[in-house]
There are 2 protein chains.
Amino acid sequence: MRPKNLVKEEAIRSIALQIISEEGLENLSMQKLAKAANISPRTIYIKYENKEDLLIKLFIEEVLGNYEKAILENFDPKMAFADGMKRLWLNTFHYLKNNKPAFSLIRYGKSSPLLNKAFQEKNIQQGAFFAPIHTFLKTNVQTGLIADLPHDVLSALLFSPIQDLVAEYLDHLNRPLQIITEEVILTSCEIVIKGILK
Amino acid sequence: MRPKNLVKEEAIRSIALQIISEEGLENLSMQKLAKAANISPRTIYIKYENKEDLLIKLFIEEVLGNYEKAILENFDPKMAFADGMKRLWLNTFHYLKNNKPAFSLIRYGKSSPLLNKAFQEKNIQQGAFFAPIHTFLKTNVQTGLIADLPHDVLSALLFSPIQDLVAEYLDHLNRPLQIITEEVILTSCEIVIKGILK
DNA sequence: AAAGTAAGTAAACGTTTGTTTACTTTTAAA
DNA sequence: TTTAAAAGTAAACAAACGTTTACTTACTTT
């Protein structure tokens with residue numbers, strides 16, 4: 001029997017992300033995607049049940065899966081707090097700034113009810129994304145190093161700014177000066193650390 | 001001559017926001033909107049050029065306009081830094097948690113290329129949104145009270161977390177315990193302030 | 001080398017899309 | 001009370017939508 005063409009499978013995913021990034025999720029259609037990937041619309045339906053299935057798998061498996069892997073690289077929950085934070089911030093910065101299409105879908109994950117629901121269900125049913133970060137924060141709360149707040153609150157305080165900083169970096173590439181450098185990221189990270197320490 | 005029915009105009013806007021919030025921007029259609037508002041599709045086109053025009057005006061005028069007004073209530077750039085910050089955080093918390101449909105479109109403003117572009121153009125052409133906050137931060141940098149970083153960086157450090165906290169509040173209303181209280185908001189705000197002070 | 005089968009294509013399905021046409025209603029001004 | 005004109009409606013337009021049907025291709029297995 002004829003095997004699946006993995007090149008085409010990868011093309012579907014990467015071109016879908018590209019369209020979402022350039023034209024928006026609301027302008028992605030199956031026919032447009034097929035044409036851009038130089039395949040028949042039917043081929044998409046061999047690999048995905050329907051449009052919603054494609055979007056959810058793209059978001060959960062491809063985008064969030066790779067994002068998690070990239071962020072946790074060389075990170076260990078047992079690291080010293082400041083070191084761990086800087087590792088996570090730098091990993092986030094480098095991964096997102098080099099993967100704009102993936103970042104686009106990540107941001108839609110917070111706006112789109114479909115993707116948001118998929119994320120929450122996955123997070124409940126099969127173990128949370130970013131579990132090592134969970135452990136990391138919990139440990140540092142228990143040792144009394146950082147403020148004792150619920151995980152979701154800590155997460156917002158410690159990681160929201162880095163996502164917005166990368167967004168600024170990517171949205172303003174047309175600016176004359178690139179103000180968001182690795183040095184600025186590290187300075188910002190230190191400011192966040194200073195705030196959360198008891 | 002027959003005057004415009006302002007009730008219908010308001011219905012179009014509020015029902016559009018409701019659909020976006022419940023089903024997503026990608027599932028808003030002119031015909032669905034007309035049916036939900038109990039009007040003819042043609043009526044929308046009396047008030048808006050086309051779908052993009054509707055979305056942009058909804059975003060820039062209705063949503064961001066009201067958002068700005070609500071956030072800046074009882075705020076003055078000359079306030080003491082910590083007082084100003086707490087005022088802005090509480091205003092944001094109260095406005096967004098009571099205006100979920102508006103918050104939905106605000107979040108799409110960061111994902112959707114159409115809305116993102118509209119925001120940036122408006123911000124450049126006719127004076128920035130949240131100008132008093134600009135002044136507030138600039139002043140406190142000049143007096144040497146807070147870290148000397150570009151406005152966009154300061155803005156990410158000081159205001160990203162509050163938006164994510166409200167998002168958590170709104171997304172998890174089905175949870176048994178509501179962990180995001182006004183007290184948690186104020187504690188979080190203090191942590192952010194502590195970090196940015198020199 | 002032949003057979004069997006999933007992968008893949010081209011073209012089309014009915015539906016829904018954004019928008020417009022042709023017409024009716026409403027209301028302020030004459 | 002008539003009238004001008006914009007507001008509003010119902011119905012329709014072509015185009016694009018998500019998805020499927022009918023068929024061909026390519027590759028593994030025997």
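Nothing here was measured: the structure is a model prediction, and the numbers come from that model. Within every chain, numbering begins at 1; the chains are lettered A, B, ... in the order of the sequence lines, protein sequences first and strands thereafter.
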How about B:E68 and B:Y95: does a side-chain donor come under 3.5 Å of a side-chain acceptor? no
Side-chain N or O of B:S29 less than 4.0 angstrom from OP1 or OP2 on C:dT17? yes
Atom-pair distance (CG on A:L54; C1' on D:dT19), nearest Å: 13 Å
Going by purine N1 to pyrimidine N3 plus the second Watson-Crick contact, or the G-U wobble pair, all under 3.5 Å, which nucleotide sits opposite D:dT30? C:dA1
So, under a plain 3.5 Å distance rule, would you say the side chain of B:S40 forms a donor-acceptor pair with the base of D:dA10? yes
Heavy atoms from C-beta onward define the side chain here; which of C:dG8, C:dT20, D:dG18 lies closest to that of B:R42? C:dT20
Looking at A:F129, is A:K122 sitting on its ring face, NZ or CZ under 6.0 Å from the six-membered ring centre and within 45 degrees of the normal? yes
Most 5' of B:P3 and A:Q31 on DNA chain C, judged by nearest nucleotide: A:Q31
Report the nucleotide, chosen from C:dT9, D:dT19, D:dT9, that has the shortest atom-to-atom distance to any side-chain atom of B:I39. D:dT9
Base, sugar-phosphate alone, or nothing: which one does A:L28 contact when heavy atoms must sit under 4.0 Å apart? sugar-phosphate
Atom-to-atom span, CD1 of B:I19 to P of C:dT16 - whole angstrom: 15 Å
With respect to the side chain of B:T43, which nucleotide from D:dG8, C:dG8, D:dT21 is positioned closest? D:dG8
As a quick check of understanding, evaluate salt bridge (charged side-chain N to carboxylate O under 4.0 Å, His left out) for A:D53 and A:K57, giving each step before the final call. CA-CA 6 Å; A:D53 183 48; A:K57 288 197 172 128; 3.1 Å; yes
Protein-nucleotide distance (B:I46, atom CD1; C:dT26, atom P), rounded to Å: 14 Å
Over 60° means perpendicular and under 30° means parallel, so classify the ring planes of B:F136 and B:F81, tilted if in between. parallel
Measure from CG on A:N50 to P on D:dT20 and round the result to the nearest Å. 9 Å
With a 4.5 Å cut-off on side-chain heavy atoms, are B:N99 and B:Y67 touching? no
Any A:K32 side-chain nitrogen or oxygen under 4.0 Å from OP1 or OP2 of D:dG18: no
Rounded to whole Å, please give me the gap between OH in B:Y45 and P in C:dA22. 18 Å
CD1/A:I106 to CZ/A:F119 distance, rounded to the nearest 0.5 angstrom? 10.0 Å
Using a heavy-atom cut-off of 4.0 Å across all strands, would you classify B:K47 as base, sugar-phosphate, or nothing? sugar-phosphate
For A:N27 and C:dT17, give me the distance from atom CG to atom C1', rounded to whole Å. 12 Å
For A:K4 and C:dG8, is the shortest distance between a side-chain N/O and OP1 or OP2 below 4.0 Å? no
Determine: side-chain N/O of B:K8 to OP1/OP2 of D:dT9, distance under 4.0 Å, yes or no. yes
Between C:dT19, D:dG18, C:dG8, which nucleotide gets closest to the side-chain atoms of B:M30? C:dT19
Could you check how far CD of A:E26 sits from C1' of C:dT16, rounded to whole Å? 18 Å
B:Y48 has an atom OH; how far is it from atom P of C:dG18, in whole Å? 16 Å
